[in-house]
Amino acid sequence: VSVLVGLTGIGTAWFMYSKGLERGQAMAKRTGILYIVVKNKFYIDEIYLYVTKQIIFKYIAAPIAWFDRHVVDGAMNLTSWMTCQVGSVVNRLQTGQVQTYGIWVVNGTVLVVLFIYFVANSAT
């Protein structure tokens with residue numbers, strides 16, 4: 001079927017334009033609006049541009065771009081800021097002295113034991 005349609009199109013084009021442009025121009029005048037629509041490729045390009053620019057870009061892509069710029073980028077900026085803040089605190093805690101780390105371990109253990117002691121005594 002597709003080969004037959006293709007051969008019909010080739011035959012029609014040969015008939016219309018083999019002896020010059022007169023037949024083609026006469027056929028264009030007779031078909032009127034149909035010729036204009038076919039010549040403009042059924043206005044597919046215009047419809048595509050309207051749908052993409054006026055509908056998709058304006059009502060779908062623009063809100064998504066706003067969400068990405070303000071929400072996603074804001075969350076990433078907040079995460080990086082928090083990481084820098086925690087890093088600066090941890091940087092001050094790291095002295096490189098084993099004695100200091102030992103004191104932190106002992107203090108942490110005492111705090112955990114006291115917490116467990118108070119929680120156990122407050123339940124009774």
Side-chain angles (χ1 to χ4, degrees):
V1 174
S2 61
V3 172
L4 183 61
V5 170
L7 289 175
T8 303
I10 292 171
T12 304
W14 177 80
F15 173 75
M16 289 176 63
Y17 299 108
S18 64
K19 303 281 186 188
L21 296 178
E22 293 80 26
R23 282 187 192 161
Q25 290 172 344
M27 185 69 81
K29 284 182 184 177
R30 278 190 294 232
T31 56
I33 192 75
L34 180 64
Y35 173 77
I36 294 170
V37 170
V38 171
K39 181 180 178 193
N40 288 313
K41 300 171 281 186
F42 300 99
Y43 295 98
I44 297 295
D45 292 340
E46 288 79 6
I47 293 169
Y48 174 78
L49 286 174
Y50 177 79
V51 168
T52 54
K53 287 188 176 182
Q54 298 299 323
I55 296 172
I56 294 175
F57 291 160
K58 190 181 287 185
Y59 297 112
I60 296 172
I64 290 172
W66 180 91
F67 180 82
D68 182 54
R69 273 193 311 277
H70 293 87
V71 176
V72 174
D73 288 352
M76 292 300 106
N77 291 338
L78 177 65
T79 303
S80 68
W81 178 81
M82 288 173 47
T83 303
C84 287
Q85 297 304 313
V86 170
S88 67
V89 170
V90 171
N91 188 25
R92 286 187 225 120
L93 294 176
Q94 289 182 337
T95 62
Q97 295 178 351
V98 177
Q99 297 88 344
T100 305
Y101 300 147
I103 291 173
W104 280 108
V105 169
V106 170
N107 288 339
T109 305
V110 168
L111 286 175
V112 168
V113 168
L114 288 174
F115 178 76
I116 293 171
Y117 174 76
F118 285 119
V119 168
N121 285 336
S122 68
T124 58

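What you are looking at is a predicted structure, and each value in this text was computed from that prediction instead of being measured.
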(message) Going by ring-ring contact (aromatic ring centres under 6.0 Å, His included), name the residues that satisfy it together with Trp14, two or more places apart in sequence or in a different chain.
(response) none
(message) So, using side chain to side chain donor-acceptor pair (under 3.5 Å) as the criterion, who are the partners of Tyr17 when residues are at least two apart?
(response) none
(message) Holding to side chain to side chain contact (heavy atoms under 4.5 Å, CB included), I want the full list of residues that pass it with Lys53, two or more places apart in sequence or in another chain.
(response) Leu49, Phe57
(message) Applying side chain to side chain contact (heavy atoms under 4.5 Å, CB included), can you list everything that pairs with Val90, at least two apart in sequence or on another chain?
(response) Val86, Gln94
(request) Could you tell me which residues satisfy side chain to side chain contact (heavy atoms under 4.5 Å, CB included) with Thr83, sequence neighbours excluded, listed by chain and number? (result) Thr79
(message) Could you see if Trp66 belongs to whatever hydrophobic cluster contains Val72? Use Ile, Leu, Val, Met, Phe, Trp, Tyr and a side-chain cutoff under 4.5 Å.
(response) yes
(request) Any salt bridge (Lys or Arg N to Asp or Glu O under 4.0 Å) involving residues 13-37? Give me the pairs, sequence neighbours left out, ordered by first then second residue. (result) none
(request) Can you run down the ring pair (Phe, Tyr, Trp, His ring centres under 6.0 Å) pairs that involve residues 23-45, sequence neighbours left out, and say none if there aren't any? (result) none
(message) Using the rule that Ile, Leu, Val, Met, Phe, Trp and Tyr join whenever any side-chain heavy atoms are under 4.5 Å apart, tell me whether Val38 and Ile44 fall into a single cluster.
(response) yes
(request) Test Thr109 against every option in Val105, Val106, Leu111, Asn107 by the side chain to side chain contact (heavy atoms under 4.5 Å, CB included) rule and name the one that passes. (result) Val105
(request) Only counting residues at least two apart or in another chain, list the ones meeting side chain to side chain contact (heavy atoms under 4.5 Å, CB included) with Leu78. (result) Trp81, Met82
(request) Spell out, yes or no, whether Ile56 and Tyr59 are grouped together once hydrophobic residues are joined by side-chain heavy atoms under 4.5 Å, including indirect joins. (result) no
(message) With rounding to the nearest 0.5 angstrom, report the CG to OG1 distance, Leu7 to Thr12.
(response) 10.5 Å
(request) Using the salt bridge (Lys or Arg N to Asp or Glu O under 4.0 Å) rule, collect all pairs that involve residues 38-49, keeping only residues at least two apart or in two chains. (result) Lys41-Asp45
(message) Taking side chain to side chain donor-acceptor pair (under 3.5 Å) as the definition, give me every residue that meets it alongside Tyr48, ordered by chain and number, with sequence neighbours left out.
(response) none
(request) Please report the closest heavy-atom contact between Ser80 and Asn77, naming both atoms and the distance. (result) OG-O, 2.9 Å
(message) Going by side chain to side chain donor-acceptor pair (under 3.5 Å), name the residues that satisfy it together with Gln54, two or more places apart in sequence or in a different chain.
(response) Lys58
(request) Report yes or no: does Tyr117 contribute a side-chain atom to a donor-acceptor pair with the main-chain N or O of Val112 at less than 3.5 Å? (result) no
(request) Just grab all the salt bridge (Lys or Arg N to Asp or Glu O under 4.0 Å) pairs involving residues 66-87, residues at least two apart or on different chains. (result) none
